[in-house]
Amino acid sequence: MSLPAFLDAMRTRVEPRVIVSDPEAIAPWLTDWRGRWTGMSALLLQPSSTAEVTAIVQAAEAHGVGLVPQGGNSSMVGGATPPSDGSAVLLSLRRMNRIRSIGPDHAVAEAGVILDTLQQAAVGQGARFPLDLGARGSATVGGLAATNAGGTQVLRFGTMRAQVLGMEAVLSGGLVHDSLSGLKKDNRGVSLDHLLIGAEGTLGIITALRLRLVPGAVQRAAAWIGLAGPHEALALLRRLEAATDTIEGFELIPDPSLARVLRHIPQTRAPLASSAPWHVLVEAVTGAAEEPPQQLLERLLGEASDLLTDAVIAQSDAQTEALWRLRHSISEAERAAGPAAQHDISLPIDRVPGFLLEEARLVEQRFPGTEASGYGHLGDGNVHFHVRAPAGAGEGWADSTEGKAVSAYVHDLVTEAGGSISAEHGIGQMKRGELARLASPARMQALRAIKAAMDPRGIFNPGKLV
Ligand code: FAD
Ligand code: MLT
Ligand code: ZN
């Protein structure tokens with residue numbers, strides 16, 4: 001690697017504004033959202049066109065400099081944090097933030113367009129971008145595609161993979177892959193779009209996406225429900241799904257997670273008058289000619305009263321937003337509440353309730369003083385299974401010998417149950433060792449072979465995924 005030679009090459013090929021070398025300007029982008037990893041990067045490159053990304057990739061390959069693509073830096077797995085030895089530089093896509101075109105059923109957005117911006121632009125077309133998550137104010141569409149992000153609308157609309165209709169990306173050699181025309185049918189071999197989705201920036205740099213928009217929500221309503229446990233929650237989901245196809249979100253929240261939100265997030269208040277050990281947030285969206293969603297939820301929840309201890313149905317958009325704010329604030333509240341080992345797991349859905357009750361107790365018995373619990377996207381079989389550290393543990397507990405033993409044990413239990421150790425956040429640098437330890441030889445062989453073929457000089461997001 002020769003950083004000075006790379007810098008010289010850069011100076012001849014891109015405008016000075018693309019190259020940031022001021023350590024103070026770079027510093028905020030070197031630590032991840034959870035504050036778990038801090039890397040080093042002598043430069044921050046911020047191109048504003050695909051041609052500039054091509055020039056950067058070509059120079060990086062010529063001089064053996066790693067590129068760490070970064071969007072909103074909201075990764076939960078240290079995916080956008082550079083290595084700590086300074087061997088790679090940050091490549092920020094945030095300046096590539098134009099919506100190139102938009103209509104009622106699709107948008108062509110550059111990689112650095114922020115999710116919230118795209119959502120607002122879609123509303124302007126009478127449409128919706130059907131993916132939502134707590135980091136909507138900073139996560140970019142490039143990052144969402146690179147991680148195949150999920151969020152709270154997957155139940156009805158699928159993950160980011162289902163929203164991508166086409167892509168522009170810079171691959172090894174600076175070659176540009178372009179499928180932005182959005183062909184419905186295209187069987188010229190393996191889909192490059194789908195290889196890059198979920199590859200976490202290890203195979204190339206996504207510069208633009210053609211994204212699906214769906215018709216705007218005519219009527220939506222949310223309900224907050226108290227119930228005895230995850231088995232009742234799953235039974236409720238099954239009954240709702242049997243009765244209607246209008247359920248868009250179904251989120252499970254244990255009471256301690258709600259309590260942490262109420263304690264740490266300003267201007268929040270308990271949604272129910274009574275207390276409950278577990279909660280569900282459900283959202284229904286219906287069309288103009290259909291039964292109004294408040295009425296629908298009232299009727300269906302009334303029929304399922306044997307499963308609930310209490311419920312409240314939002315009567316206005318403001319009330320709906322307030323309920324969702326409680327849900328979307330959980331990660332922030334969990335972060336504020338102190339050290340924990342976090343696991344983003346998925347299981348066959350029927351196994352989730354048992355895991356949250358029985359396996360959680362196994363973890364607590366094996367690691368005395370810990371508190372294990374999971375929240376999140378029950379409808380997708382995906383929960384964020386956090387094991388809180390024993391009292392008095394330091395901030396770095398998750399990376400201590402005990403914290404790592406907890407994560408290995410949780411991941412073993414998940415693997416035995418036929419689940420995945422990364423449902424939606426990706427592998428990043430957090431789970432690279434665990435992926436290599438637990439994934440099948442077939443998966444590892446394929447991932448490594450694809451990486452070697454697509455990134456022969458090893459410059460794309462070194463140290464992540466494989
Ligand atoms: P970054 O964090 O900047 O990068 C993420 C990864 O993508 C890195 O590996 C990076 O190298 C790569 N990358 C970024 N841009 C590009 C590009 N243009 N080309 C190639 N590679 C690229 N995730 C979920 O799935 N569901 C949730 O519900 C959810 N909720 C969250 C809530 C909060 C409060 C926070 C902080 C995070 C949450 N996340 C969630 C995680 C995170 O928001 C997603 O992973 C998101 O997709 C990251 O987008 P980003 O632009 O911030 O990407
Ligand atoms: C969520 O669903 O809130 C997120 O994916 C983030 C988290 O793990 O807390
Ligand atoms: Zn999530």
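Both ligands and their constituent atoms are indexed starting at 1 by order of listing. For the numbers below, each heavy atom of this structure counts, side chains included, while hydrogens, waters and symmetry mates do not.
Salt bridge annotation for E395-R36: absent, with no cationic side-chain nitrogen under 4.0 angstrom from a carboxylate oxygen.
Within the listing of ligand 2, atoms 3 (O), 6 (C), 7 (C), 9 (O) sit less than 4.0 angstrom from a heavy atom of S331. Heavy-atom contacts of L93 reach the following atoms of ligand 1: 18 (N) (cutoff under 4.0 Å). Which parts of ligand 1 touch N461 is read off a 4.0 Å heavy-atom cut-off, strictly below it: atoms 9 (O), 11 (O). With ligand atoms numbered from 1 in the order given, ligand 2 contributes 2 (O) to contacts under 4.0 Å with heavy atoms of H377. Shown in contact with A135 at under 4.0 Å from a heavy atom are these atoms of ligand 1, numbered in order with element: 32 (C), 33 (C), 35 (C), 36 (C), 37 (C), 43 (O). In the vicinity of H377, heavy-atom distances shorter than 4.0 Å reach the ligand 1 atoms 28 (O). The atoms of ligand 1 that sit less than 4.0 Å from any heavy atom of A139 are 49 (O), 50 (P), 51 (O), 52 (O). Short contacts between ligand 2 and M76, defined as distances under 4.0 Å to a heavy atom of the residue, involve ligand atoms 6 (C), 7 (C). Atoms of ligand 1 found under 4.0 Å from any heavy atom of G71 (numbered from 1 in listed order, with element): 1 (P), 3 (O), 14 (C), 15 (N), 51 (O). Shown in contact with A149 at under 4.0 Å from a heavy atom are these atoms of ligand 1, numbered in order with element: 25 (O), 47 (O). Close approach of ligand 1 to G201 (heavy-atom distance below 4.0 Å) involves ligand atoms 20 (C), 21 (N).
Of the possible polar contacts, one joining the D85 side chain to the S87 backbone as a donor-acceptor pair under 3.5 Å is found. A donor-acceptor contact shorter than 3.5 Å links the side chain of R94 to the backbone of G71. Side chain of E248 to main chain of R156: no donor-acceptor pair is present (N/O by atom type, distance under 3.5 Å, no hydrogens or angles).
Judged purely by distance below 3.5 Å, without hydrogens or angles, the side chains of S74 and S138 never pair a donor atom with an acceptor atom. With hydrogens and angles left out, the side-chain atoms of S92 and Q70 include no donor and acceptor closer than 3.5 Å. H106 and R212 share no donor-acceptor pair across their side chains, judged by distance under 3.5 Å alone. Side-chain contact check for E424 and H384: at least one donor-acceptor pair (N or O, by modelled atom type) lies under 3.5 Å. There is no side-chain donor-acceptor pair under 3.5 Å between E232 and W278. Looking at E334 and H386, their side chains do bring a donor and an acceptor atom within 3.5 Å of each other.
The residue M160 has no part lying near ligand 1, judged by heavy-atom distances below 4.0 Å. When heavy-atom distances to ligand 1 are checked against a 4.0 Å cut-off, H425 comes that close only through its side chain, counted from C-beta outward. With a 4.0 Å cut-off on non-hydrogen atoms, H328 does not touch ligand 2 at all. Only the side chain of T147 comes within 4.0 Å of ligand 1, judged by heavy-atom distances.
Between the choices Q429, M96, E424, the shortest heavy-atom distance to atom 27 (C) of ligand 1 belongs to E424.
The nearest heavy-atom contact from the protein to atom 7 (O) of ligand 1 is A146 CB, 3.4 Å. Annotation: atom 4 (O) of ligand 1 to nearest protein heavy atom, A80 CB, 3.6 Å. At the top of the distance list for atom 10 (C) of ligand 1, counting protein heavy atoms only, stands P69 O, 3.1 Å. In this structure, the protein non-hydrogen atom closest to atom 41 (C) of ligand 1 is S74 O, 3.5 Å. What sits closest to atom 30 (N) of ligand 1 on the protein, heavy atoms only, is L133 CB, 3.8 Å. In terms of protein heavy atoms, atom 1 (P) of ligand 1 is closest to N73 N, 3.6 Å. Regarding atom 50 (P) of ligand 1, its nearest protein heavy-atom neighbour is G72 N, 3.4 Å. Looking only at protein heavy atoms, the nearest one to atom 19 (N) of ligand 1 is I206 N, 3.0 Å.
Angle subtended at the Zn ion (ligand 3) by E424 OE2 and H377 NE2: 90°, rounded to 10 degrees.
Within the cation-pi definition used here (under 6.0 Å to the ring centroid, within 45° of the axis), R388 does not qualify as a partner of W397. Relative to the ring axis of W224, R327 does not place its NZ or CZ within 45° and under 6.0 Å from the centre.
Remark: ligand 1 and W33 share no N or O pair separated by less than 3.5 Å (distance only, no angle test). The N/O atoms of E200, backbone and side chain alike, include one that comes under 3.5 Å of an N/O atom in ligand 1. Residue S138 has no N or O atom closer than 3.5 Å to an N or O atom of ligand 1. Annotation: G151 places an N or O atom under 3.5 Å from an N or O atom of ligand 1; distance criterion only. For M76, no nitrogen or oxygen atom sits less than 3.5 Å from a nitrogen or oxygen atom of ligand 1, counting backbone and side chain alike. For a threshold of 3.5 Å applied to N or O pairs, the pair formed by D132 and ligand 1 contains no separation below that value. Checking only distances, H384 does come within under 3.5 Å of ligand 2, N or O to N or O. Between G143 and ligand 1, at least one pair of N/O atoms sits closer than 3.5 Å. Checking only distances, A111 never comes within under 3.5 Å of ligand 1, N or O to N or O.
Ligand 1 lies nowhere less than 4.0 angstrom from a heavy atom belonging to K464. At least one heavy atom of R327 sits under 4.0 Å from some atom of ligand 2. By the 4.0 Å heavy-atom criterion, Q342 is excluded from the residues contacting ligand 2. The shortest separation from a heavy atom of V68 to ligand 1 is not under 4.0 Å, leaving the residue out of contact. Residue contact check for ligand 1: G150 places a non-hydrogen atom closer than 4.0 Å to it. Under the 4.0 angstrom criterion for non-hydrogen atoms, H425 is in contact with ligand 2. Within the structure, the closest approach of E334 to ligand 2 does not fall below 4.0 Å when heavy atoms are considered. Contact analysis puts R34 in contact with ligand 2, with a non-hydrogen atom separation below 4.0 angstrom. Taking 4.0 Å as the cut-off, G204 counts as a neighbour of ligand 1 on heavy-atom distance.
Between F385 and Y375, the ring centre distance reaches or exceeds 6.0 Å.
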Quick one: do L240 and F250 satisfy side-chain contact (heavy atoms from CB on, under 4.5 Å)? Show the steps, please. CA-CA 10 Å; L240 294 177; F250 193 93; 3.9 Å; yes
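Across every non-hydrogen atom of P462 and I459, the tightest pair is CD-O, 3.6 Å.
The shortest side-chain heavy-atom distance between L45 and M10 falls under the 4.5 Å cut-off.
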